Amino acid sequence: MAQTIVVENLRKRYGDVNAVDGVSFQVEEGEFVGILGPNGAGKTTTLEIIEGLREADGGTVSVLGLQPWPRNSALLPRIGVQLQSSSFFERLTAREQLQTFGSLYGVPAKKADAMLETVGLTDKADVQVERLSGGQAQRLSIACALVHEPELLFLDEPSAALDPQARRNLWDVLREINTDGRTIILTTHYMDEAEILCDRVAIMDAGTILKIGPPATLVRELNAPVRIGLPSGVLTETDARALPAVDQVGDDGVSLTITTHDPSPIITALAQREALDGLQIRGATLEDVFLTLTGREYRA
């Protein structure tokens with residue numbers, strides 16, 4: 001497949017801080033790629049350099065075969081950018097907002113209604129942007145980034161501060177956009193979002209990429225134990241320890257938890273005992289990978 005983005009040894013420094021320190025990766029056409037990392041990891045700076053909003057101190061960037069810096073007028077119509085915080089023109093309706101953005105690219109005004117339908121805002125076409133909810137404003141922001149039908153879309157924490165229902169609705173929109181063939185680059189703090197949406201994720205910290213790959217592959221490589229939970233009283237701790245392939249057993253009075261690297265024989269044994277009622281199985285997730293690579297220390 002064609003490579004939409006090629007980044008080699010990218011560097012950006014602010015005083016004594018290496019915000020981006022030797023980042024290299026590629027994105028293929030039609031991929032949905034997530035960039036994850038704690039606060040200050042360099043995610044947004046990396047995106048802004050690729051988008052042509054900032055000049056790199058070193059390294060090379062190719063976007064759709066072109067250099068984004070100095071600001072490349074040939075590239076701008078081919079990319080869409082949704083920043084961390086979006087500003088709209090005051091007192092315009094959702095439709096007028098899209099028509100205004102579209103006019104910058106020579107897009108016919110009638111295209112606004114089609115984009116509102118794409119992001120599920122048809123019923124808000126005549127509502128002023130100040131009256132939209134947080135989730136609706138985020139969807140309108142994405143529509144503004146898509147109104148000129150770019151080949152490549154950048155999304156910087158698009159679901160930040162959204163409630164669970166609005167986030168799920170946004171995911172549906174993003175899946176549809178990607179299914180249409182557009183390449184999407186996403187930064188997010190939500191591990192479930194990245195795990196569900198992305199073909200590959202890059203985990204960053206201290207300006208470098210620690211690991212990159214499909215979420216399921218990164219989780220599998222972690223080789224983390226599986227936790228099997230049962231309501232307390234179904235088995236005693238002694239009986240649980242006697243099951244095959246058990247690593248650890250704990251009982252907090254509410255749940256009995258069995259930790260293992262090989263859950264199959266344990267589940268078989270529990271089935272033979274007719275002890276599957278209320279059983280819960282938790283494997284490793286992308287969040288476990290993230291915390292293993294970046295640590296658990298809180299960062300403001």
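Bear in mind the structure is a predicted one, so any value in this text is a computation, not a measurement.
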Please name all residues satisfying side chain to side chain contact (heavy atoms under 4.5 Å, CB included) with Val127, sequence neighbours left out, ordered by chain then number. Lys124, Arg131, Leu132
Is it the case that the side chain of Thr268 and the backbone of Ser264 share a donor-acceptor pair, with hydrogens and angles ignored and the cut-off at 3.5 Å? yes
Whether the Thr208 and Asp21 side chains hold a donor-acceptor pair (N or O, under 3.5 Å, no angle test) is what I'd like checked. no
For Thr285 and Glu195, does a side-chain donor sit closer than 3.5 Å to a side-chain acceptor? no
Checking Ile281, Thr257, Asp247 against Arg227 for side chain to side chain contact (heavy atoms under 4.5 Å, CB included), the one that qualifies is Thr257
Gln248: partners by side chain to side chain contact (heavy atoms under 4.5 Å, CB included), with sequence neighbours left out: Thr259
Distance (rounded to the nearest 0.5 Å) between Asp199 CG and Glu31 CD: 5.5 Å
Are the side chain of Lys43 and the backbone of Gly37 linked by a donor-acceptor contact shorter than 3.5 Å? yes
Joint hydrophobic cluster, Ile184 plus Leu75, side-chain heavy atoms closer than 4.5 Å: no
Looking at Thr100 and Leu92, what are the two nearest heavy atoms and their distance? OG1-CD1, 3.7 Å
If I compare all heavy atoms of Ser255 with all of Ser232, which pair ends up nearest, and what's the gap? N-OG, 3.2 Å
In terms of hydrophobic clusters joined by side-chain contacts under 4.5 Å, are Ile177 and Leu152 together? no
ring-ring contact (aromatic ring centres under 6.0 Å, His included) pairs touching residues 3-39, sequence neighbours excluded, are none
Nearest heavy-atom approach of Glu90 to Glu130 is CA-OE2, 3.2 Å
What residue pairs, at least two apart or across chains, pass salt bridge (charged side-chain N to carboxylate O under 4.0 Å, His left out) with a residue in residues 262-286? Arg282-Asp288
In Å and rounded to the nearest 0.5 Å, what is the CZ to CG distance from Arg182 to Leu153? 8.0 Å
Checking Leu47, Ile203, Ile212, Thr44 against Ile35 for side chain to side chain contact (heavy atoms under 4.5 Å, CB included), the one that qualifies is Leu47
CD of Gln82 to CG of Leu186: how many Å apart, nearest 0.5 Å? 9.5 Å
CH2/Trp171 to CZ/Arg168 distance, rounded to the nearest 0.5 angstrom? 4.0 Å
Could you tell me whether the side chain of His261 and the main chain of Ala245 form a donor-acceptor pair under 3.5 Å? no
Locate the shortest heavy-atom distance separating Arg139 from Gly120; write the atom from each residue and the value. NH1-O, 3.1 Å
What pairs with Thr118 under side-chain hydrogen bond (donor to acceptor under 3.5 Å, both in side chains), at least two apart in sequence or on another chain? none
Residue pairs passing the side-chain hydrogen bond (donor to acceptor under 3.5 Å, both in side chains) test with at least one member in residues 55-76, sequence neighbours excluded, are none
